[in-house]
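Here's the structure, in structure tokens; my notes come after.
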Amino acid sequence: MPFSSNYSFVDRALHYFAFGAPFVQKVLCELENDLFKSELEQVDSSDEVFVTGLPRAGTTLVLELLYRTGEFATLTYRDMPFILAPLLWDKISGPLRKAGEKVERAHGDGMLVSFESPEAFEEVVWLAFLRRSIVNERTLSPVARTAVTDEFAGALQGSVRKLLLRRARAPAGATRPRYLSKNNANISRVAVLSQLFPTAKILIVFREPAAQIASLMTQHRRFLAEHDADGFSKRYMEWIGHYEFGANFRPINFSGWLDGQPVPSVPDADFWLRYWNAAYGYALEQRTGNVLFVDFDKLLAQSDAVLGRLADALGLAEKTKLAAAGAALRAPTTTPVELDGCSVESRRAAQDIHAQLRSLAL
């Protein structure tokens, strides 16, 4: 959300308290675990849905479409800043909640958000327990199965159960909800997610490379300006693990593609194209049986057919609701970038990877 206009002094102070010392979130998490132990033990989670992909692929739109079906529980802006203790935070913040009007999110891409909108806050859980394995000076590392600790596994699975419990308590919670997540960094963690959530579906969204790269470049410039103008914005994005753009930019080092190379503060099209190749090449290599590829361009062009296949693949209870949500689809406004200045090797690799992705997509 536009940070300077939507966060008061009290809001910002609360965020500094919640994220200033890592132990705060963990202590509240443990307290919540104890207070709601008996209820949480009764919650069963299965058939979770994880939406991922390199940023600007359409992951937020897919998240929104699925959330509108009413079949899922997920993190929303209401859960900030105490992501690891959503049940306690609900009790504390309930009487103080503001009414949330929809405003355009900070990306300036026409998508409207409110306090009730789902958002990619799951990364807070990953960083609270695995930060040293993930965050490096200039890059991020994929998470291998060997890096997963019992403490982290319990925390992530516990976070899922907490959201399901909260949703089941709600007046509209008659049907069994399923967990829904959008986290762009999860494109580097498919094997871990498959291990921790064996019945889950992992949706990897992609776009035609030139269009996605143009959007990546636009957003990076936008957030560089935002972070320069508003220090809280920079800290906020770092707290929630959004290293995709701006002053906090840290690309994921898929298969060591960045080893021995500098990371530019303002990458050119060739860098972004190599990043796209590294990300989706890795996704193809690491895919498991529960991975589904979603072609954003095909989704726009053939929404009814693609959403129908997606509803079938996810086993939605009311499949027509997903098709109805598709009425919100609109074509992106970013003009695809010219890739003529990129290396021939990178362009050929992108064409091959894109062809493979399209052949596997819904």
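In what follows, residues are counted from 1 in the order of the sequence shown. From a predicted model like this one, the values you see are computed outputs, not experimental measurements.
Salt bridge D312/K319: present, at least one basic N to carboxylate O contact under 4.0 Å. Using a 4.0 Å cut-off between a side-chain N of Lys or Arg and a carboxylate O of Asp or Glu, R347 and D270 do not qualify as a salt bridge. Taking 4.0 Å as the cut-off between side-chain N and carboxylate O, E48 and R178 do not count as a salt-bridged pair. D268 and R274 are not joined by a salt bridge, as no carboxylate oxygen comes within less than 4.0 angstrom of a charged side-chain nitrogen.
Listed here is the closest heavy atom pair of L362 and V306: O-CG2, 4.3 Å. When all heavy atoms of A120 and H242 are compared, the pair lying nearest together is O-NE2, 3.5 Å. Across all non-hydrogen atoms, the minimal contact from L163 to A73 is O-CB, 3.7 Å.
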| salt bridge (Lys or Arg N to Asp or Glu O under 4.0 Å) between R166 and D90: does it pass, once the steps are laid out? | CA-CA 9 Å; R166 181 177 66 182; D90 264 1; 3.5 Å; yes
| request: Begin from the C-alpha positions of Q42 and R161 and carry the test side-chain hydrogen bond (donor to acceptor under 3.5 Å, both in side chains) through to its verdict. | output: CA-CA 9 Å; Q42 303 303 312; R161 287 194 296 273; over 6 Å; no
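For F249 and F223, the ring centers are positioned 6.0 Å apart or more.
In this structure a side-chain-to-backbone donor-acceptor pair under 3.5 Å is missing from T139 to N136. Between the Y275 side chain and the I252 main chain, a donor and an acceptor come within less than 3.5 Å of each other. Without hydrogens or angle criteria, R56 side chain to L216 main chain gives no donor-acceptor distance under 3.5 Å. Within the 3.5 Å criterion, the main-chain N or O of G246 finds no donor-acceptor partner in the side chain of H227. The main-chain N or O of L31 is never found under 3.5 Å from a side-chain atom of D34 such that the two would form a donor-acceptor pair. The backbone N or O of D47 sits less than 3.5 Å from a side-chain atom of T199, completing a donor-acceptor pair. In this structure a side-chain-to-backbone donor-acceptor pair under 3.5 Å is missing from S303 to L300. In this structure, R207 contributes its side chain and D295 its backbone to no donor-acceptor pair below 3.5 Å. Between the side chain of E208 and the backbone N or O of A211 there is at least one donor-acceptor pair closer than 3.5 Å. Judged by distance alone, with hydrogens and angles left aside, the side-chain atoms of Q286 form no donor-acceptor pair with the main-chain N or O of R189 at under 3.5 Å.
Classification of the F82-F17 ring pair by plane angle, with boundaries at 30° and 60°, yields perpendicular. Between W126 and F152, the ring planes lie tilted relative to each other; the angle falls in the 30° to 60° range. By the 30° and 60° cut-offs, the orientation of the rings of F271 relative to W257 is tilted. Using the six-membered ring where Trp is involved, Y236 and H15 have ring planes that are tilted, between 30° and 60° apart. F50 and F197 have tilted rings, their planes meeting at an angle from 30° to 60° on a 0 to 90° scale. Relative ring orientation between W272 and H220 is described as perpendicular, the plane-to-plane angle rising above 60° on a 0-90° scale split at 30° and 60°. Ring geometry for Y282 against F254 counts as tilted: the plane angle lies between 30° and 60°, on a 0 to 90° scale.
Shown here is R235, whose CZ atom has no more than 12 heavy atoms of other residues, nucleotides or ligands within 6.0 Å. By the neighbour-count criterion of 12 heavy atoms within 6.0 Å, atom CG of D150 is sparsely surrounded, having that number or fewer from other residues, nucleotides or ligands. Within a 6.0 Å sphere centred on CZ of R348, other residues, nucleotides and ligands contribute 12 heavy atoms or fewer. Enclosure of atom CD in E41 by more than 12 non-hydrogen atoms of other residues, nucleotides or ligands within 6.0 angstrom is indicated.
Counting heavy atoms from C-beta on, the side chains of T69 and F72 come closer than 4.5 Å.
In this model, no donor atom of one side chain and acceptor atom of the other lie less than 3.5 Å apart for N277 and S346. With no hydrogens or angles considered, no side-chain donor-acceptor pair links E123 and N184 at under 3.5 Å. In this model, no donor atom of one side chain and acceptor atom of the other lie less than 3.5 Å apart for T52 and K182.
For the side chain to side chain contact (heavy atoms under 4.5 Å, CB included) test with V192, the passing option among N186, V148, L156 is V148; the others fail. L203 pairs in a side chain to side chain contact (heavy atoms under 4.5 Å, CB included) with only one of the listed residues (L314, N290, L63), which is L314.
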